[in-house]
Amino acid sequence: MIDPRLLRAEPHLFRDSQSRRGADDSIVDRFLELDASRRAAQQQFEELRAQQKKLGKQIGPARGAEKRGELTEDQQAELTQWLSEAEELSVRVKEAESKAVDLEPQVAAAANEIENLVDFEAPVGTEADFQTLFEVGTPRDFESEGFTPRDHLELGEILGAIDTDRAAKVSGSRFFYLTGDGALLELALLNLAMSFATSNGFTPVIPPALVRPPAMAGTGFLGQAEENVYRLEADDLYLVGTAEVPLAAYHSDEILDAADLPQRYVGFSPCFRREAGSHGRDTRGIIRVHQFDKVEMFSFCDPDQAVAEHQRLLSWEREFLDLLDVPYRVIDVATGDLGASAARKYDIEAWIPTQGRYREVTSTSNCTTFQSRRLNIRMRGDSGSTQPLATLNGTLIAMPRVIVALLENHQAADGSVAIPKALQPFLGGREHLVPT
RNA sequence: GGAGAUGUCGCCUAGUCUGGUUUAUGGCGCCCGCCUGCUAAGCGGGUUGAGGUUUUAAGACCUCUCGAGGGUUCAAAUCCCUCCAUCUCCGCCA
């Protein structure tokens with residue numbers, strides 16, 4: 001949800017933001033019109049309501065006196081007069097109220113369509129217009145090493161670590177089993193990630209993966225992203241696509257003390273994605289799947305600190321990926337490719353040898369006050385007044401894609417895979433995964 | 001899943017049966033001030049949140065807010081309905 005006061009004061013900002021996203025900017029003026037008429041109707045209602053309450057305050061004591069038989073004839077007549085006035089007023093109050101109430105959903109719908117104000121520093125354009133910020137590490141030259149690299153699925157099968165055939169039998173396409181060392185590898189990555197995050201001051205959380213509609217709507221996943229969300233019809237619950245959802249909603253309807261900010265959480269959860277609209281893409285292996293596990297960082301902070309906090313999340317992502325010793329690049333995502341909630345987004349893409357290109361493994365977004373307005377999360381500052389705070393999220397590790405990157409980048413000609421040093425303690429000190 | 005109870009402005013609490021004279025009572029905590037060698041105690045005041053109107057500003061005023069949403073009524077914390085949550089007991093269950 002955007003800031004309605006800011007929009008009324010400076011609508012040009014929002015028109016500009018919408019067009020940078022390649023989104024409809026006429027919605028801004030539609031909102032302004034609806035908002036103005038709703039406020040006029042609201043005022044009308046409030047005025048009538050004030051009259052009604054005033055009259056009610058006269059009727060109350062008079063009724064009491066009447067019951068005790070203390071009213072003079074004149075007072076009795078006055079009371080009768082008041083009652084008939086009140087009756088008539090009541091009708092007008094109801095009319096005015098329903099007029100105002102009827103406009104509310106329209107105003108809300110218009111407000112909902114306006115996406116978060118983009119960071120005007122973000123590169124403008126569509127998906128391909130990202131800007132590369134860093135490239136770290138050098139892709140291995142397998143040719144000079146004298147062998148052709150196997151892709152992650154082939155390696156996974158040799159190692160007895162990944163089984164997509166049986167997953168297809170049991171659950172359909174885009175599912176997988178992690179077996180043997182594959183299962184142990186995920187657990188090791190999980191433990192490495194959790195110890196990394198907690199040593200950096202994050203509060204570890206294992207959140208629910210099923211949430212009610214307000215949590216989903218509040219985080220901005222029920223707009224154009226809705227088709228990718230699983231919904232459980234019988235219970236009106238959603239399967240989350242990321243721990244961002246239950247972590248953001250954790251403090252909904254709360255007022256946090258500014259002195260306690262930033263509050264940083266790291267959540268581990270399964271993630272469910274319908275992958276509607278991506279038929280035929282990444283059908284092989286475990287790059288694009290319906291269910292996977294992820295460790296997600298989430299921060300509630302002062303809006304003035306949000307840009308700096310975003311940089312911190314990005315550095316933690318990089319630091320963690322450095323531990324895994326995989327070549328990667330960092331990109332500043334273009335405005336047209338931002339989610340509705342995000343003002344700015346950085347993706348980290350790891351090098352995938354058999355594809356000869358970088359693929360997204362983490363993503364961090366600054367949602368400024370967009371989510372906190374929807375979820376009603378506020379902070380109380382020194383002035384004593386409340387204001388919306390900023391929310392930011394960042395992937396620490398998305399299991400399947402990191403497993404893909406590890407297997408492919410660290411493979412040897414014999415099909416074994418070297419385990420990065422930092423991960424070894426979490427795999428019983430082993431240095432390699434070997435074919436079974 | 002069955003039966004019962006409960007939900008009041010940070011926490012506790014009065015008010016609900018019997019609708020109006022309630023700007024929702026009181027206590028704790030917190031904030032400001034007074035008093036006092038210091039501290040404690042005492043005294044006075046303030047203390048839910050949201051939206052809006054107005055003002056240079058401080059402020060002033062109005063509406064909404066008693067778990068949520070509907071309804072009845074001239075008038076709802078109070079009466080009725082639906083939903084949500086919590087607690088106790090029973091059943092089932094990892």
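Lettering follows sequence order; numbering is per chain, from 1. Note that the structure is a prediction, hence the values are computed from the model and not measured.
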Are the charged groups of [X] and [Y] less than 4.0 angstrom apart, N to O?
{"X": "A:D24", "Y": "A:R30", "result": "yes"}
{"X": "A:R288", "Y": "A:E275", "result": "yes"}
{"X": "A:D165", "Y": "A:K169", "result": "no"}
{"X": "A:R318", "Y": "A:D322", "result": "no"}

What does [N] pair with, Watson-Crick or G-U, if both distances are under 3.5 Å?
{"N": "B:U63", "result": "B:A50"}
{"N": "B:G37", "result": "none"}
{"N": "B:G19", "result": "none"}
{"N": "B:U73", "result": "none"}
{"N": "B:U86", "result": "B:A5"}
{"N": "B:U78", "result": "none"}

Option from A:N116, A:D29, A:L6, A:D25 for which side-chain contact (heavy atoms from CB on, under 4.5 Å) with A:F14 holds: A:L6
Distance below 4.0 Å between [X] side-chain N/O and [N] OP1 or OP2:
{"X": "A:S90", "N": "B:A75", "result": "yes"}
{"X": "A:R380", "N": "B:G49", "result": "yes"}
{"X": "A:K54", "N": "B:C62", "result": "no"}

Scan side-chain atoms only and decide if [X] and [Y] contain a donor-acceptor pair under the 3.5 Å cut-off.
{"X": "A:T242", "Y": "A:K294", "value": "yes"}
{"X": "A:Q42", "Y": "A:E46", "value": "yes"}
{"X": "A:Q371", "Y": "A:R374", "value": "no"}
{"X": "A:Y230", "Y": "A:H290", "value": "yes"}

Picking from B:G49, B:U63, B:C74, the nucleotide nearest the side-chain atoms of A:A86 would be B:C74
Each nucleotide N or O in nucleotides 82-86 of chain B that has a protein N or O under 3.5 Å away: list the pair and distance.
unit_1	atom_1	unit_2	atom_2	d
B:C84	O3'	A:R212	NH2	2.7
B:A85	OP1	A:R212	NH2	3.0

Donor-acceptor check, side chain of A:S199 to backbone of A:S195, threshold 3.5 angstrom: yes or no? yes
In whole angstroms, how far is the [atom2] atom of [N] from the [atom1] atom of [X]?
{"X": "A:L48", "N": "B:C74", "atom1": "CG", "atom2": "C1'", "value": "14 Å"}
{"X": "A:Q51", "N": "B:C61", "atom1": "CD", "atom2": "P", "value": "19 Å"}
{"X": "A:Q44", "N": "B:C62", "atom1": "CD", "atom2": "P", "value": "18 Å"}
{"X": "A:D253", "N": "B:G67", "atom1": "CG", "atom2": "P", "value": "15 Å"}
{"X": "A:R49", "N": "B:U63", "atom1": "CZ", "atom2": "C1'", "value": "9 Å"}
{"X": "A:D102", "N": "B:G70", "atom1": "CG", "atom2": "P", "value": "12 Å"}
{"X": "A:L103", "N": "B:G51", "atom1": "CG", "atom2": "C1'", "value": "15 Å"}
{"X": "A:E97", "N": "B:U73", "atom1": "CD", "atom2": "P", "value": "15 Å"}

On RNA chain B, more 5' by nearest nucleotide between A:K53 and A:Q387 is A:Q387
NA contact type, A:Q42, heavy-atom cut-off 4.0 Å: base, sugar-phosphate, or nothing? nothing
Select base, sugar-phosphate, or nothing to describe what A:E88 touches, counting heavy atoms under 4.0 Å on all strands. nothing
If you take the centroid of each ring, where Trp contributes its six-membered ring, are A:Y265 and A:H251 closer together than 6.0 Å? yes
Under 6.0 Å between ring centres, would you say that holds for A:Y177 and A:F175? no
Close N/O contacts between protein and nucleotides 18-24 of chain B (under 3.5 Å):
unit_1	atom_1	unit_2	atom_2	d
B:G20	O6	A:R63	NH1	2.7

Please tabulate the protein-to-nucleotide N/O contacts below 3.5 Å involving nucleotides 52-54 of chain B, giving atom names and distances.
unit_1	atom_1	unit_2	atom_2	d
B:G52	OP1	A:R8	NH1	2.8
B:G52	OP1	A:R8	NH2	3.2
B:G52	OP2	A:R5	NH2	3.1
B:U53	OP1	A:R39	NH1	3.4

Would you sort out whether A:R264 and A:E309 count as a salt bridge (charged side-chain N to carboxylate O under 4.0 Å, His left out), showing the intermediate values? CA-CA 10 Å; A:R264 303 192 180 106; A:E309 183 73 355; 2.7 Å; yes
